[in-house]
2 protein chains.
Amino acid sequence: MSLKEKLAELNEKGCTLTIQRHAVLEYLYENRTHPTVEEIYYSLKEKFSTISKATVYNTLELLNNYGLIQEITIEKGKLHFDYEVKPHHHFFCHRCNHVYDVDVVECPLAGKKMIDGHKIEELRPYIIGTCSKCL
Amino acid sequence: MSLKEKLAELNEKGCTLTIQRHAVLEYLYENRTHPTVEEIYYSLKEKFSTISKATVYNTLELLNNYGLIQEITIEKGKLHFDYEVKPHHHFFCHRCNHVYDVDVVECPLAGKKMIDGHKIEELRPYIIGTCSKCL
DNA sequence: ATCTAACATTAGAACAATTCTAAGTCAAGA
DNA sequence: TCTTGACTTAGAATTGTTCTAATGTTAGAT
Ligand SMILES: [Mn+2]
Ligand SMILES: [Mn+2]
Ligand SMILES: [Zn+2]
Ligand SMILES: [Zn+2]
């Protein structure tokens with residue numbers, strides 16, 4: 001889904017399109033490395049010196065609630081974010097702390113709405129290990 | 001794997017079996033609710049008033065490194081732990097913050113050693129949603 | 001049995017990530 | 001123009017985790 005489409009969807013749903021929100025979403029669009037909040041905040045601060053950490057947190061939560069971005073809890077104690085919301089596996093290297101996409105795998109839960117009586121809203125298939133660069 | 005077997009394995013591998021380590025492992029053996037560090041610490045403190053938070057953290061890390069327990073990063077910002085190490089799906093209810101086991105699912109990655117050139121060391125298949133009780 | 005060196009535990013300080021607060025800014029409608 | 005509600009800001013507060021330095025315990029050597 002393109003950046004324009006996501007911005008349009010936000011707008012349609014009645015959400016104010018502030019310059020900060022545009023900047024956060026655009027940053028995620030351009031940086032597909034699954035950045036942390038810190039990375040997003042300091043990168044945006046370079047071009048946009050008055051942006052505050054609270055706004056970055058608020059915006060990421062808002063975009064996540066609208067289903068336009070994805071929160072990743074693969075690394076203990078800190079959040080990563082992903083522009084891509086289509087479910088896919090993530091690989092975390094505990095040596096270099098990078099998060100990689102793993103596109104290949106087909107998940108047997110894909111499309112399922114319920115499991116054990118619980119309502120499925122999001123799949124987060126994570127894999128931990130040592131990445132190809134670190135091996 | 002029984003508690004006795006895990007304690008024996010620890011001992012064989014040359015790890016000192018202190019009363020605190022025994023208590024942490026036993027707590028996880030008896031409480032299969034995927035407790036947080038806080039829950040473990042305060043529960044142990046009731047029977048064992050001098051145990052310190054640092055020891056609980058150290059012990060959980062040690063047991064995890066020996067592969068005798070499993071760390072769960074499904075909830076943002078805090079760790080849960082599991083006595084069961086055999087890979088299985090976890091379901092997190094974002095309404096009541098409980099972590100449930102989901103036994104049914106067969107993972108296509110089970111047994112795989114490598115993916116995209118990365119070395120797989122652990123699978124963490126997580127599902128987010130609303131649990132049966134909260135629905 | 002005693003000594004000793006390595007290892008483990010403790011309390012609390014330090015740290016890092018996130019959330020909260022209160023004041024200031026902005027924009028749209030009356 | 002004025003009002004109202006929504007958004008942003010800086011920094012304080014809170015939460016979860018790690019570090020530190022002092023103390024306690026263990027196991028092997030004597
Ligand atoms: Mn991704
Ligand atoms: Mn489990
Ligand atoms: Zn790596
Ligand atoms: Zn629930």
Side-chain angles (χ1 to χ4, degrees), chain A residues 7 10-27 34-66 68-81 92 94 97 99, chain B residues 7 10-27 34-66 68-81 92 94 97 99:
Chain A
L7 289 167
L10 262 183
N11 199 41
E12 281 163 30
K13 286 180 175 164
C15 172
T16 312
L17 266 181
T18 64
I19 185 121
Q20 293 88 347
R21 289 172 182 174
H22 189 290
V24 169
L25 190 55
E26 185 176 62
Y27 181 83
H34 312 98
T36 61
V37 181
E38 209 200 7
E39 286 171 323
I40 298 167
Y41 171 63
Y42 285 109
S43 300
L44 292 181
K45 210 154 174 57
E46 282 177 16
K47 289 208 163 183
F48 200 149
S49 68
T50 69
I51 200 168
S52 96
K53 218 171 267 196
T55 297
V56 174
Y57 274 100
N58 290 342
T59 301
L60 289 167
E61 192 187 353
L62 178 140
L63 294 172
N64 184 50
N65 288 342
Y66 276 108
L68 295 174
I69 64 169
Q70 180 181 178
E71 192 181 87
I72 302 173
T73 58
I74 202 170
E75 182 176 12
K76 121 168 107 171
K78 63 167 62 155
L79 293 172
H80 293 252
F81 286 89
F92 180 71
H94 57 68
N97 291 2
V99 176
Chain B
L7 289 168
L10 261 183
N11 199 42
E12 280 162 30
K13 286 180 174 164
C15 171
T16 311
L17 267 180
T18 65
I19 186 123
Q20 292 90 345
R21 288 173 183 174
H22 188 289
V24 170
L25 190 56
E26 185 176 63
Y27 181 84
H34 312 98
T36 61
V37 181
E38 210 201 6
E39 287 170 323
I40 299 167
Y41 171 62
Y42 285 109
S43 301
L44 292 181
K45 209 155 174 56
E46 283 176 17
K47 289 207 162 186
F48 199 149
S49 68
T50 68
I51 199 166
S52 96
K53 217 170 266 196
T55 298
V56 174
Y57 274 101
N58 289 342
T59 302
L60 290 167
E61 192 187 354
L62 178 140
L63 294 172
N64 185 50
N65 288 342
Y66 275 109
L68 296 174
I69 64 170
Q70 181 180 175
E71 193 181 88
I72 301 173
T73 59
I74 202 170
E75 183 176 13
K76 118 168 107 171
K78 64 169 58 153
L79 292 173
H80 293 251
F81 285 89
F92 180 70
H94 56 69
N97 291 1
V99 177

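Chain letters run A, B, ... following the sequence lines, proteins first and then strands; every chain starts at 1.
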Once you round it to whole Å, what is the distance between C1' of dT17(D) and CD of Glu75(A)? 13 Å

I need the His94(B) NE2 to Lys76(B) NZ distance, nearest 0.5 Å. 12.0 Å

Rounded to whole Å, CD of Glu61(B) lies from C1' of dC7(C) at a distance of 16 Å

I need the CD-P distance between Glu38(A) and dT18(C), as an integer number of Å. 9 Å

Of all heavy-atom pairs between Ile69(B) and Asn64(B), which one has the smallest distance, and what is that distance? O-OD1, 3.3 Å

Rounded distance (Å) that lies between atom P of dT17(D) and atom NE2 of His80(B): 9 Å

Collect all protein-nucleotide pairs involving nucleotides 22-30 of chain C in which both atoms are nitrogen or oxygen and the distance is under 3.5 Å.
none

If you look only at distance, which donor and acceptor atoms sit under 3.5 Å apart when one is on a side chain in residues 17-27 of chain A and the other is two or more places apart or in another chain?
{"residue": "Thr18(A)", "atom": "OG1", "partner": "Arg21(A)", "partner atom": "N", "Å": "3.1"}
{"residue": "Arg21(A)", "atom": "NH1", "partner": "Thr16(A)", "partner atom": "O", "Å": "2.9"}
{"residue": "Tyr27(A)", "atom": "OH", "partner": "Ser43(A)", "partner atom": "OG", "Å": "3.1"}

What's the CG-P distance between Asn11(B) and dA8(C), to the nearest Å? 13 Å

Whole-Å distance between dG16(D) P and Leu60(B) CG? 15 Å

How many whole angstroms separate atom CG of Leu79(A) from atom C1' of dT19(C)? 12 Å

Who pairs with Asn97(A) by side chain to side chain contact (heavy atoms under 4.5 Å, CB included), at least two apart in sequence or on another chain? Glu75(A), Phe92(A)

What residues, two or more places apart in sequence or in another chain, satisfy side chain to side chain contact (heavy atoms under 4.5 Å, CB included) together with Glu38(B)? Thr36(B), Tyr42(B)

Using atom OH of Tyr57(A) as one end and atom P of dT18(C) as the other, report the distance to the nearest whole Å. 3 Å

With sequence neighbours left out, write down each residue that passes side chain to side chain donor-acceptor pair (under 3.5 Å) with Lys47(A), or none if nothing qualifies. none

Should Leu10(A) and Leu63(A) be marked as a side chain to side chain contact (heavy atoms under 4.5 Å, CB included) after you check the CA-CA gap, both sets of side-chain angles, and the distance that decides it? CA-CA 9 Å; Leu10(A) 262 183; Leu63(A) 294 172; 3.8 Å; yes

With no hydrogens and no angle check, is any side-chain donor or acceptor of His34(A) less than 3.5 Å from a backbone partner on His80(A)? no

Distances under 3.5 Å only, N/O to N/O: pair up the protein atoms with those of nucleotides 5-15 of chain D.
{"residue": "dC7(D)", "atom": "OP1", "partner": "Thr16(A)", "partner atom": "OG1", "Å": "3.3"}
{"residue": "dC7(D)", "atom": "OP1", "partner": "Arg21(A)", "partner atom": "NH1", "Å": "3.1"}
{"residue": "dT8(D)", "atom": "OP1", "partner": "Thr18(A)", "partner atom": "OG1", "Å": "2.5"}
{"residue": "dT8(D)", "atom": "OP1", "partner": "Gln20(A)", "partner atom": "OE1", "Å": "3.0"}
{"residue": "dT8(D)", "atom": "O3'", "partner": "Gln20(A)", "partner atom": "NE2", "Å": "2.9"}
{"residue": "dT9(D)", "atom": "OP1", "partner": "Gln20(A)", "partner atom": "NE2", "Å": "3.4"}
{"residue": "dT9(D)", "atom": "OP1", "partner": "Thr50(A)", "partner atom": "O", "Å": "3.2"}
{"residue": "dT9(D)", "atom": "OP1", "partner": "Thr50(A)", "partner atom": "OG1", "Å": "3.2"}
{"residue": "dT9(D)", "atom": "OP2", "partner": "Ser52(A)", "partner atom": "N", "Å": "3.2"}
{"residue": "dT9(D)", "atom": "OP2", "partner": "Thr55(A)", "partner atom": "OG1", "Å": "3.1"}
{"residue": "dT9(D)", "atom": "O5'", "partner": "Thr50(A)", "partner atom": "O", "Å": "3.1"}
{"residue": "dA10(D)", "atom": "OP2", "partner": "Thr50(A)", "partner atom": "O", "Å": "3.2"}

Check the pair Phe81(B) / Glu71(B) against side chain to side chain contact (heavy atoms under 4.5 Å, CB included), numbers first and verdict last. CA-CA 5 Å; Phe81(B) 285 89; Glu71(B) 193 181 88; 3.9 Å; yes

